[in-house]
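Keep in mind that the numbers below use all heavy atoms, side chains included, and drop hydrogens, waters and symmetry copies. Positions are given from 1 along the sequence.
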Amino acid sequence: MSNNKITIIQQIIPKYRVSFFNELYKKIDFTMYTSHEGLEKSINTVYDNIKFKNKLVKNITFKNILNFQFLPFRKLLSKDIIIFEFNIRILSNIILLSLRLIANKKNILWTHGISENMSVISKFIRIFYMKRA
């Protein structure tokens with residue numbers, strides 16, 4: 001598939017994931033969208049050694065609790081497949097995912113799943129979107 005079809009949206013590219021994405025890019029042509037930094041202040045996006053297409057977008061973090069990336073929503077609505085970093089604290093991902101579900105587009109959620117110590121609201125939101133992705 002061409003990169004026009006597959007997009008990965010990550011908050012950042014942590015160092016420990018660079019080799020994974022480089023290997024994935026050898027098999028699947030994709031474009032990634034990331035920001036300079038995410039919710040964790042100590043982790044920054046890694047630029048060196050990446051072999052895939054990365055489009056940098058601006059973001060805003062609200063008290064290190066919520067994050068919003070200024071994604072090209074209109075452009076991303078037309079993509080065939082988007083692989084979302086599914087963290088419900090990333091508001092832009094939830095908004096884009098909701099719009100894509102309404103448009104009946106294919107979405108893949110990359111998530112740590114559900115744990116026992118999550119709030120009832122967090123579990124509900126995660127299950128709601130996971131069932132529809």
Side-chain angles (χ1 to χ4, degrees):
M1 289 188 158
S2 73
N3 80 22
N4 194 33
K5 297 185 183 268
I6 298 177
T7 301
I8 299 174
I9 301 175
Q10 284 278 133
Q11 191 176 176
I12 59 165
I13 307 170
K15 190 170 189 156
Y16 66 88
R17 286 195 183 148
V18 172
S19 60
F20 168 77
F21 287 125
N22 283 340
E23 285 300 311
L24 183 63
Y25 190 68
K26 290 177 185 176
K27 296 168 181 44
I28 301 170
D29 187 19
F30 64 85
T31 300
M32 183 177 287
Y33 285 82
T34 62
S35 301
H36 282 287
E37 56 184 36
L39 291 168
E40 301 297 325
K41 298 272 187 206
S42 61
I43 302 174
N44 289 322
T45 300
V46 175
Y47 296 105
D48 48 334
N49 300 323
I50 64 170
K51 312 252 188 288
F52 50 88
K53 298 173 206 112
N54 183 43
K55 301 205 181 234
L56 200 58
V57 294
K58 293 180 182 179
N59 73 311
I60 185 168
T61 300
F62 305 98
K63 297 186 178 183
N64 208 32
I65 296 171
L66 298 172
N67 184 286
F68 183 89
Q69 291 177 302
F70 293 93
L71 301 167
F73 283 86
R74 183 173 287 157
K75 182 177 184 179
L76 292 173
L77 277 171
S78 68
K79 300 293 183 181
D80 290 343
I81 301 170
I82 293 186
I83 301 171
F84 288 90
E85 174 186 4
F86 188 58
N87 177 343
I88 63 171
R89 298 179 345 156
I90 306 171
L91 298 177
S92 48
N93 282 5
I94 299 298
I95 294 167
L96 180 60
L97 176 58
S98 298
L99 293 171
R100 287 181 55 82
L101 287 171
I102 291 167
N104 203 28
K105 295 289 190 170
K106 185 168 184 173
N107 306 289
I108 299 171
L109 305 181
W110 177 338
T111 177
H112 291 286
I114 298 171
S115 64
E116 293 177 16
N117 60 350
M118 282 183 180
S119 72
V120 173
I121 294 170
S122 180
K123 283 182 188 177
F124 174 80
I125 293 169
R126 288 172 187 272
I127 291 169
F128 176 85
Y129 283 103
M130 289 166 76
K131 284 183 176 179
R132 287 155 181 81

Practice problem: Please test Asp29 against Lys53 for salt bridge (charged side-chain N to carboxylate O under 4.0 Å, His left out), starting from the C-alpha separation and ending with a verdict. | Solution: CA-CA 9 Å; Asp29 187 19; Lys53 298 173 206 112; 2.6 Å; yes
Spacing of [X] atom [atom1] and [Y] atom [atom2] [to the nearest 0.5 Å]:
X: Thr34; Y: Ile9; atom1: OG1; atom2: CD1; value: 11.0 Å
X: Met32; Y: Arg17; atom1: CE; atom2: CZ; value: 9.0 Å
X: Leu97; Y: Ile88; atom1: CG; atom2: CD1; value: 12.0 Å
X: Ile82; Y: Asn93; atom1: CD1; atom2: CG; value: 9.0 Å
X: Asn67; Y: Ile12; atom1: CG; atom2: CD1; value: 10.0 Å
X: Tyr33; Y: Lys75; atom1: OH; atom2: NZ; value: 4.0 Å

Self-check item: Option among Ile83, Thr7, Leu24 that satisfies the side-chain contact (heavy atoms from CB on, under 4.5 Å) test with Phe30
Solution: Leu24
Self-check item: Option from Ile8, Ile28, Ile13 for which side-chain contact (heavy atoms from CB on, under 4.5 Å) with Phe52 holds
Solution: Ile13
Quiz item: Do the side chain of Gln69 and the main chain of Gln10 share a donor and acceptor less than 3.5 angstrom apart?
Solution: yes
Practice problem: May I ask you to decide if Val57's main-chain N or O and Asn59's side chain share a donor-acceptor pair within less than 3.5 Å? | Solution: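 Judged by distance alone, no pair lies under 3.5 Å.
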Quiz item: With a 4.5 Å limit on heavy-atom distance, are the side chains of Phe68 and Ile95 in contact?
Solution: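 Side chain of Phe68 against side chain of Ile95, heavy atoms only: contact under 4.5 Å found.
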Quiz item: Got Ser92 and Phe73 here, is their nearest side-chain heavy-atom distance under 4.5 Å?
Solution: yes
Exercise. Mind telling me whether Phe20 and Trp110 have parallel, tilted or perpendicular rings, with 30° and 60° as the class edges?
Key: perpendicular
Quiz item: At their closest point, which heavy atom of Met118 faces which heavy atom of Gly113, and how far apart are they?
Solution: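 Looking at all heavy atoms of both residues, the shortest contact is CE-O, 3.2 Å.
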Name every donor-acceptor pair, under 3.5 Å, that has one atom in a side chain of residues 121-133 and the other anywhere in the protein, sequence neighbours excluded.
unit_1: Ser122; atom_1: OG; unit_2: Arg126; atom_2: NE; d: 3.3
unit_1: Tyr129; atom_1: OH; unit_2: Ser98; atom_2: OG; d: 2.6
unit_1: Arg132; atom_1: NH1; unit_2: Phe128; atom_2: O; d: 2.7

Practice problem: With side-chain contact (heavy atoms from CB on, under 4.5 Å) as the test, would you mind laying out the steps for Phe84 and Asn107 before giving the verdict? | Solution: CA-CA 7 Å; Phe84 288 90; Asn107 306 289; 3.4 Å; yes
Exercise. Identify whether Ile102 and Leu77 are in the same connected component of the hydrophobic contact network (ILVMFWY, side-chain heavy atoms under 4.5 Å).
Key: no
Quiz item: Does Lys26 have any salt bridge (Lys or Arg N to Asp or Glu O under 4.0 Å) partners at least two apart in sequence or in another chain, and if so, which?
Solution: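 Per chain and number, Lys26 pairs via salt bridge (Lys or Arg N to Asp or Glu O under 4.0 Å) with Glu23.
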